[in-house]
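To start, the structure under review is shown below, and the notes come after it.
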2 protein chains.
Amino acid sequence: MIFKLALFNANDCIKIMLKKRITIKDLARELGYAPSTISRALNNHPGISKKTKEEVQKAVKKLGYTQNSIASNFRKNTMLSIGIIVPRIGIHFHSLVISGIEEMAYMRKYNVTIFQSQDSLDREKEIAKILQTKMVDGIIVCLALETNNYDHFNQLKDNKVPVVFYDRVPENYEASKIVINDYQSAYKATEHLISSGCKRIAHISGNPEVSIYKERLKGYKAALVKHNIPLDEKLIEYTKDLNYDEGVYSAKKFLNLEHKPDGIFCANDYTAVSTIQVFKKANYSIPGDISVVGFSNYPISRIIEPTLTTINDRAFEMGQAAANLLIRQIEEKSEIISSETVVLETELIIRDSSKSFNSHK
Amino acid sequence: MIFKLALFNANDCIKIMLKKRITIKDLARELGYAPSTISRALNNHPGISKKTKEEVQKAVKKLGYTQNSIASNFRKNTMLSIGIIVPRIGIHFHSLVISGIEEMAYMRKYNVTIFQSQDSLDREKEIAKILQTKMVDGIIVCLALETNNYDHFNQLKDNKVPVVFYDRVPENYEASKIVINDYQSAYKATEHLISSGCKRIAHISGNPEVSIYKERLKGYKAALVKHNIPLDEKLIEYTKDLNYDEGVYSAKKFLNLEHKPDGIFCANDYTAVSTIQVFKKANYSIPGDISVVGFSNYPISRIIEPTLTTINDRAFEMGQAAANLLIRQIEEKSEIISSETVVLETELIIRDSSKSFNSHK
DNA sequence: TTTTATTATGCAAACGTTTGCATAGTTTAA
DNA sequence: TTAAACTATGCAAACGTTTGCATAATAAAA
């Protein structure tokens with residue numbers, strides 16, 4: 001033990017005994033180099049000889065040096081870090097997006113700090129304030145349900161922190177956005193119902209103040225109009241946040257109509273699932289009597305009986321795309337942050353809750 | 001315009017024009033105070049007069065100052081940040097835990113940085129290396145499936161970075177842990193099947209090398225033994241990671257047994273759901289012919305028909321508890337980091353996939 | 001041999017904030 | 001009136017790393 005300790009100089013001994021962190025200076029003292037040389041050696045700078053680099057690596061192991069990345073980030077004035085503001089992490093869609101973001105960020109050596117707005121505008125503002133303190137190099141946001149104005153993101157813009165929005169994105173606000181084409185997707189879903197023989201198609205909508213639900217509603221209507229099917233407001237149910245119970249409620253209303261629908265396009269899978277269950281319980285056959293199409297391709301859509309025809313909303317890819325775009329903007333460092341909108345292609349996944357194109361008579 | 005600009009001094013003008021960040025020094029110059037005074041004013045230090053604090057706040061607004069928290073963290077040698085290593089964010093259980101962590105952390109002014117190990121030991125090691133560079137003040141980990149040795153956490157220990165494990169925790173390794181009592185929970189679940197009249201109870205297990213699944217298996221066996229029901233290895237199916245398809249496979253094997261089970265305890269809800277579906281498809285009535293109990297209380301357990309009796313594994317609370325314990329350890333700063341294990345109480349949620357205590361004859 | 005490149009290293013400042021100690025000014029107590 | 005206490009502020013160092021510039025040492029070219 002004494003022999004082992006003798007290999008260290010007095011100062012290092014003290015550091016080790018006090019469990020102080022070993023710094024570059026300690027390595028410098030140990031090896032008789034200047035701190036700058038150590039720094040360059042650690043960063044594999046070309047001007048440092050191979051021999052020295054090896055010496056340094058050996059000393060790193062010996063003294064147990066780990067970089068103080070706060071100091072490094074401070075000096076380099078970059079965090080290699082991106083922030084996410086998400087309504088709720090527990091919602092499957094968002095957790096998939098976050099997963100995609102993390103995956104892409106990790107590859108590019110960035111790390112990812114998450115915040116939940118809990119769908120509250122106030123909290124979103126608070127978080128925006130926290131994030132503009134140079135804590136992150138860029139931010140990815142899905143707006144809170146409550147959010148109807150975007151001033152709190154201006155400060156970030158002013159400080160040249162790039163922001164990329166996804167899914168619930170601000171309207172009439174210059175910013176980078178990653179979205180799917182909700183209009184087009186809803187159109188596609190509705191058209192699928194039409195072409196599989198449905199004549200009276202209902203829609204369970206989210207809050208139409210929120211742009212994505214507004215677009216889905218529009219797409220639904222456009223498909224009907226295109227195929228000369230009259231719109232009927234009784235066939236549209238508006239919900240607050242498209243949860244399971246609201247789906248039950250809406251489906252029951254459809255069930256009680258004198259002239260019942262033979263197809264329902266739901267703005268998400270939760271309501272689609274509850275719709276299926278309500279109609280099954282009322283002894284309707286799906287898709288025999290009524291077809292149901294959802295939106296999002298949640299895991300449950302493959303499990304519910306019948307399995308649910310739905311739109312794959314590409315959550316994971318959305319996260320990847322958001323991280324990708326954000327990091328590009330961070331690293332561009334041009335004077336003006338460019339605004340770019342990426343629209344991801346969705347796909348209609350046809351399962352058993354709707355008749356397939358071929359099977360309709 | 002000129003008048004407005006005249007309110008700024010020359011230096012500030014340059015800063016603003018170049019869009020350089022405003023610092024404490026700029027505020028100091030603007031107001032004729034020392035930077036230290038500004039710093040104290042901003043941090044609401046008692047030694048600074050109210051008048052000065054107000055002046056400073058006014059200048060902050062005027063010049064648009066935001067703190068450089070990298071610098072601040074650097075100087076204070078703390079990040080107010082906790083890291084999470086999680087197998088996969090997209091798994092609902094983990095996203096709930098993360099949600100709980102974020103919630104607690106946010107209240108305590110910490111932020112949360114997430115990493116996915118993708119259930120890979122190598123990646124877990126890599127992340128541990130990244131995290132020990134003083135990037136975070138403490139770490140919360142759920143081990144990767146592959147992980148069978150814990151040396152990569154020793155470096156963290158050496159650098160006095162507290163670590164709290166949850167759910168999949170290391171065995172025979174001194175560390176803080178947040179767990180549920182898997183043994184007890186499985187015992188409870190199995191006993192419920194017994195007391196609702198089942199005589200032949202099967203089990204779908206996860207990988208029994210993983211401690212939580214080993215414990216669930218043990219609990220299952222113990223309940224049988226306690227109630228004098230003979231163990232039968234044919235009634236136990238081992239899976240790799242308890243996914244839906246493995247559940248289907250296992251359930252079919254049970255279905256093909258000459259002497260079929262009348263109750264199945266599944267180590268998670270996915271396999272329970274597939275079990276229900278397999279038996280339903282084979283025209284078994286649930287819970288009439290066979291009862292099924294799951295584990296985790298996933299959202300799907302309330303939707304599947306029949307709704308699934310399961311164990312509430314308290315994911316959100318687990319996250320809260322982990323963050324709580326970790327932050328306490330961070331702030332204790334005692335010389336030795338204490339190891340503490342918190343066992344959360346689970347509850348059996350009885351739904352329609354098993355007969356209730358009262359209804360069994 | 002002298003000049004010019006080339007290579008390897010060191011010096012010292014800088015990044016923005018915080019903080020222990022010092023000090024000037026003011027009030028209170030003796 | 002002087003000492004003591006308190007208030008408000010300033011000075012300067014410190015945190016650990018990086019980096020532009022300078023320099024010493026060596027090798028190559030003239």
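For the numbers below, each heavy atom of this structure counts, side chains included, while hydrogens, waters and symmetry mates do not. Letters A, B, ... are given to chains in the order of the sequence lines, protein chains preceding strands, and every chain is numbered from 1.
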- Within the structure shown, what part of the strands sits under 4.0 Å from Asn43(B) by heavy-atom distance: base, sugar-phosphate, or nothing? sugar-phosphate

- Item | Separation of atom CD1 in Ile70(B) from atom P in dT18(D), rounded to whole Å | 13 Å

- Task: Could you tell me whether Lys157(B) and Glu174(B) have a side-chain N and a carboxylate O separated by less than 4.0 Å?
- Result: no

Distance-only donor-acceptor hits, side chain of residues 124-132 of chain B, under 3.5 Å, sequence neighbours excluded:
residue, atom, partner, partner atom, Å
Glu124(B), OE1, Ala144(B), N, 2.8
Glu124(B), OE1, Thr147(B), OG1, 3.2
Glu124(B), OE2, Thr147(B), OG1, 3.0
Glu124(B), OE2, His152(B), NE2, 2.8
Glu126(B), OE2, Tyr106(A), OH, 2.9
Gln132(B), NE2, Gln155(B), OE1, 3.2

- Task: Could you check whether Asn68(A) gets within reach of a base, just the sugar-phosphate, or nothing at all, counting any heavy atom under 4.0 Å?
- Result: sugar-phosphate

- Whole-Å distance between dG16(C) P and Leu63(B) CG? 15 Å

- Between atom CD in Glu54(B) and atom P in dA8(D), what is the gap in whole Å? 13 Å

- Asn73(A) CG to dG16(D) C1', in whole Å, measures 12 Å

- Query: Between Phe74(A) and dC15(C), do the rings stack, that is, sit under 5.5 Å apart with planes less than 30° off each other?
  - Reply: yes

- Sugar-phosphate, base or nothing in reach of Ser72(B), heavy atoms under 4.0 Å: sugar-phosphate

- Round to the nearest Å and state the distance from Leu31(A) atom CG to dA8(C) atom P. 17 Å

- Item | Residues Arg123(A) and Glu103(B) bridged, charged N to O under 4.0 Å | yes

- Message: Less than 3.5 Å apart, any donor N or O on the side chain of Asn149(A) or Tyr173(A) sitting next to an acceptor on the other?
- Response: no

- Interatomic distance, Leu42(B) CG vs dT18(C) P [rounded to whole Å]: 8 Å

- Item | Closest to the Ile24(B) side chain, choosing from dG16(C), dT19(D), dT18(C) | dT18(C)

- Query: For Thr66(A) and Arg21(A), does a side-chain donor sit closer than 3.5 Å to a side-chain acceptor?
  - Reply: yes

- Are side-chain N/O atoms of Asn111(B) and Ser81(B) paired as donor and acceptor at under 3.5 Å? yes

- Which one of Val112(A), Ile89(A), Ile101(A) satisfies the side chain to side chain contact (heavy atoms under 4.5 Å, CB included) criterion with Ile114(B)? Val112(A)

- Message: Each nucleotide in nucleotides 9-14 of chain C should get exactly one letter: B, S or -. Can you fill that in based on protein heavy atoms under 4.0 Å?
- Response: BBBBBB

- Quick one: Asn77(B) CG to dC15(D) P, roughly how many Å, whole number? 10 Å

- Query: Given atom NZ of Lys76(B) and atom C1' of dT19(C), what is their separation to the nearest angstrom?
  - Reply: 12 Å

